[in-house]
Amino acid sequence: MKYNKIKNIDKEISLLGFGCWALSKHGWKDVNQEEAIKTLEKSIELGINFFDTAPIYGFGKSEEILGEVTRGIRKDIVIASKFGLRWNEWGHVTHDISRDSILFEIEATLERLKTDYIDLYQVHHLDNKTSLETVFKTLNQLKEQGVIKGVGVSNFKLEELKQASNLCDISSIQNQYNMLQTKDEKDILPFCQNNDIGYISYSTLAQGLLSEKVKKGYKFAKMDIRKFNDLFHDRETFDRIEGLKSPDKPLIESAFEYVMKQESLRSILVSTTKVKNLEENIKLIKRLSNQ
Ligand SMILES: NC(=O)c1ccc[n+]([C@@H]2O[C@H](COP(=O)([O-])OP(=O)(O)OC[C@H]3O[C@@H](n4cnc5c(N)ncnc54)[C@H](OP(=O)(O)O)[C@@H]3O)[C@@H](O)[C@H]2O)c1
């Protein structure tokens, strides 16, 4: 497995990162949780050391599972978590990145992950009310205290990333990037390359569309998160996918190859809940990166 350096983080991170959202089952109704946990365990055995989670994934469940599985090997792995999405007892979600909320969230995250530091702490989404000065002042303080090692952002546009970079030494940005969703190529990716900001792609397989797992007319379970993804409703998506297929390789290989062309790419986040798929992904990534 190839490993890459991200600023402020001691350990290099695996090029293939493990996306922990579906572990919680929340939003991914067809997931077999037992098998998902086995897949996480297998990923560690096969050399993945970078795990991306968030409090909102299963309202704490994803962090709890990751904490349980990685108990005892904390120093060997790199954990990325996030803050900014809060929920109430009825599951109603709101955005909050105020100082008080960050300080509340980091404590809860550390407890669920059974650790005393987070390698990469990421703003999940902005909240349209807290100033970036407040957010990054708080994060810089947590960094000075050693509670977090690196600061990351997610779902940021170029102007927001530029402002953030003036307030804090930003280690990475985690954004949606795949063969069908390429808007970051215009400005974010070049900015990352010129400013030593590590790029982490999420939805690299467009939530399954680029794995050929999801065929036209696929019926999602009630409340499945993919029902809210426009790509699944756009009539043109499946025609676009047909156009992306290559006669000499599987679509998933083209999907990995596509994001790997970016120089600032440090890790490709993929979520899988099946050992067979994990093994296939690792084999492909190893071959494509010659490692
Ligand atoms: N920062 C953010 O706002 C944000 C947003 C979304 C996601 N993320 C992060 O990115 C991670 C992954 O992104 P994503 O959840 O959008 O989805 P994704 O990784 O693009 O796609 C996941 C889907 O691909 C399938 N899959 C994976 N490998 C496969 C293979 N070899 N063959 C067939 N199917 C395969 C999985 O099915 P199986 O489980 O059946 O293998 C699953 O349905 C998340 O877990 C999360 O950590 C972050």
Side-chain angles (χ1 to χ4, degrees), residues 13 16-40 42-43 46 48 50-58 61-63 65-66 78-85 93 95 120-126 152-157 172-181 184 188 199-215 218 220-221 224-232 241 249-256 258-259 267-285 287-288:
I13 65 170
L16 182 63
F18 194 99
C20 296
W21 185 2
L23 276 179
S24 68
K25 254 186 98 66
H26 187 249
W28 298 85
K29 299 290 172 195
D30 50 5
V31 163
N32 173 332
Q33 202 169 49
E34 215 175 294
E35 197 181 353
I37 294 172
K38 280 203 184 106
T39 310
L40 171 63
K42 189 76 182 174
S43 77
L46 297 180
I48 290 183
F50 182 54
F51 302 92
D52 177 71
T53 182
I56 196 71
Y57 299 161
K61 196 75 202 155
S62 166
E63 288 186 331
I65 294 173
L66 182 62
V78 177
I79 296 182
S81 194
K82 315 187 187 81
F83 64 89
L85 294 175
V93 177
H95 292 240
L120 183 63
Y121 203 43
Q122 309 160 109
V123 186
H124 204 155
H125 284 275
L126 292 174
V153 298
S154 185
N155 302 302
F156 270 39
K157 300 194 181 82
S172 63
I173 179 164
Q174 183 188 132
N175 269 8
Q176 183 183 63
Y177 182 52
N178 59 59
M179 283 167 108
L180 295 164
Q181 293 166 308
D184 277 3
I188 293 271
Y199 190 88
I200 299 167
S201 63
Y202 78 70
S203 291
T204 315
L205 297 180
Q207 297 195 317
L209 281 168
L210 294 172
S211 70
E212 292 185 85
K213 173 187 160 158
V214 185
K215 305 270 187 247
Y218 190 94
F220 291 112
D224 189 294
I225 198 70
R226 288 161 290 187
K227 280 192 168 171
F228 306 101
N229 181 338
D230 290 342
L231 275 182
F232 289 88
I241 291 174
K249 58 183 109 163
L251 181 60
I252 195 164
E253 178 171 343
S254 306
F256 288 151
Y258 187 84
V259 296
S267 190
I268 300 169
L269 284 181
V270 178
S271 157
T272 177
T273 55
K274 299 193 175 65
V275 172
K276 183 177 123 316
N277 289 350
L278 171 81
E279 288 173 340
E280 179 189 342
N281 297 346
I282 292 183
K283 203 167 146 194
L284 269 174
I285 294 285
R287 179 158 61 73
L288 293 172

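In each ligand, atom 1 is the first atom listed, and ligand 1 is the first ligand listed.
Between Leu205 and ligand 1, at least one pair of N/O atoms sits closer than 3.5 Å. Inclusion of Ser154 in the set of residues having an N or O under 3.5 Å from an N or O of ligand 1 is warranted. Every N/O-N/O distance between Lys82 and ligand 1 stays at or above 3.5 Å. Taking only nitrogen or oxygen atoms, main chain and side chain alike, Trp28 does not reach within less than 3.5 Å of ligand 1.
Regarding atom 5 (C) of ligand 1, its nearest protein heavy-atom neighbour is Tyr202 CE1, 3.1 Å. Looking only at heavy atoms of the protein, atom 36 (C) of ligand 1 is closest to Ser271 O, 3.4 Å. Ranking the protein heavy atoms by distance from atom 16 (O) of ligand 1 puts Ser203 OG, 2.6 Å first. Distance from atom 47 (O) of ligand 1 to its nearest protein heavy atom, with residue and atom name: Asp52 OD2, 2.7 Å. Closest to atom 37 (O) of ligand 1 among all protein heavy atoms lies Lys213 NZ, 3.1 Å. Scanning all protein heavy atoms for the shortest distance to atom 24 (O) of ligand 1 gives Gly208 CA, 3.6 Å. Of all protein heavy atoms, the one lying nearest to atom 41 (O) of ligand 1 is Thr272 OG1, 2.6 Å. Here the heavy atom of the protein found nearest to atom 3 (O) of ligand 1 is Asn155 ND2, 2.9 Å.
If you number the atoms of ligand 1 from 1 as listed, the ones under 4.0 Å from a heavy atom of Lys274 come out as 38 (P), 40 (O). For ligand 1, the atoms sitting less than 4.0 Å from at least one non-hydrogen atom of Gly19 are 11 (C), 44 (C), 45 (O), 47 (O), numbered in the order shown with element in parentheses. Residue Arg226 has at least one heavy-atom neighbour below 4.0 Å for each of these atoms of ligand 1: 43 (O). Within ligand 1, the atoms closer than 4.0 Å to a non-hydrogen atom of Val270 are 19 (O), 27 (C), numbered from 1 in the order shown. Close approach of ligand 1 to Gln174 (heavy-atom distance below 4.0 Å) involves ligand atoms 1 (N), 2 (C), 4 (C), 8 (N), 9 (C), 48 (C). Close approach of ligand 1 to Thr204 (heavy-atom distance below 4.0 Å) involves ligand atoms 20 (O). Against a heavy-atom cut-off of under 4.0 Å, Thr273 is close to the following atoms of ligand 1: 38 (P), 39 (O), 40 (O), 41 (O). Less than 4.0 angstrom separates some heavy atom of Cys20 from each of these atoms of ligand 1: 45 (O), 47 (O).
In Leu278, neither the side chain nor the backbone holds a heavy atom less than 4.0 Å from any atom of ligand 1. At a heavy-atom distance under 4.0 Å, no atom of Ala36 approaches ligand 1. For Ala54, no heavy-atom contact with ligand 1 is shorter than 4.0 Å.
Among Glu35, Gln207, His124, the residue whose heavy atom lies closest to atom 17 (O) of ligand 1 is Gln207. Heavy-atom proximity to atom 35 (C) of ligand 1, evaluated over Asn277, Asn281, Ile56, is greatest for Asn277.
At least one side-chain heavy atom of Trp21 sits less than 4.5 Å from a side-chain heavy atom of Gln207. When side chains are defined from C-beta on, Leu126 counts as touching Phe156, because their heavy atoms get closer than 4.5 Å. At least one side-chain heavy atom of Leu85 sits less than 4.5 Å from a side-chain heavy atom of His95. Within the 4.5 Å cutoff, the side chain of Leu120 has no heavy atoms near those of the Gln174 side chain. Under the 4.5 Å side-chain criterion, counting only non-hydrogen atoms from C-beta, Phe50 is in contact with Leu269. By the 4.5 Å heavy-atom criterion applied to side chains, Val123 and Phe83 are counted as neighbours.
A donor atom on one side chain and an acceptor atom on the other are found under 3.5 Å apart for Ser81 and Glu63. Under the 3.5 Å distance criterion, with hydrogens and angles disregarded, no donor-acceptor pair is assigned to the side chains of Asp52 and Tyr202.
The shortest heavy-atom distance from Phe18 to ligand 1 is not under 4.0 Å. Residue contacts with ligand 1 do not include Lys276, since none of its heavy atoms lies under 4.0 Å from the ligand.
Few gaps surround NZ on Lys249; more than 12 heavy atoms of other groups in view lie less than 6.0 Å from it. More than 12 heavy-atom neighbours from other residues, nucleotides or ligands sit within 6.0 angstrom of NZ on Lys227.
The side-chain contact (heavy atoms from CB on, under 4.5 Å) test with Ile37 singles out one residue from Asn32, Leu66, Ile65, and that residue is Ile65.
Lys82 places no side-chain N or O within 3.5 Å of a backbone atom of Gln122 that could act as its donor or acceptor partner. The backbone N or O of Asn155 sits less than 3.5 Å from a side-chain atom of Asn175, completing a donor-acceptor pair. Panel note: side chain Thr273, backbone Ala36; no donor-acceptor pair is recorded below 3.5 Å.
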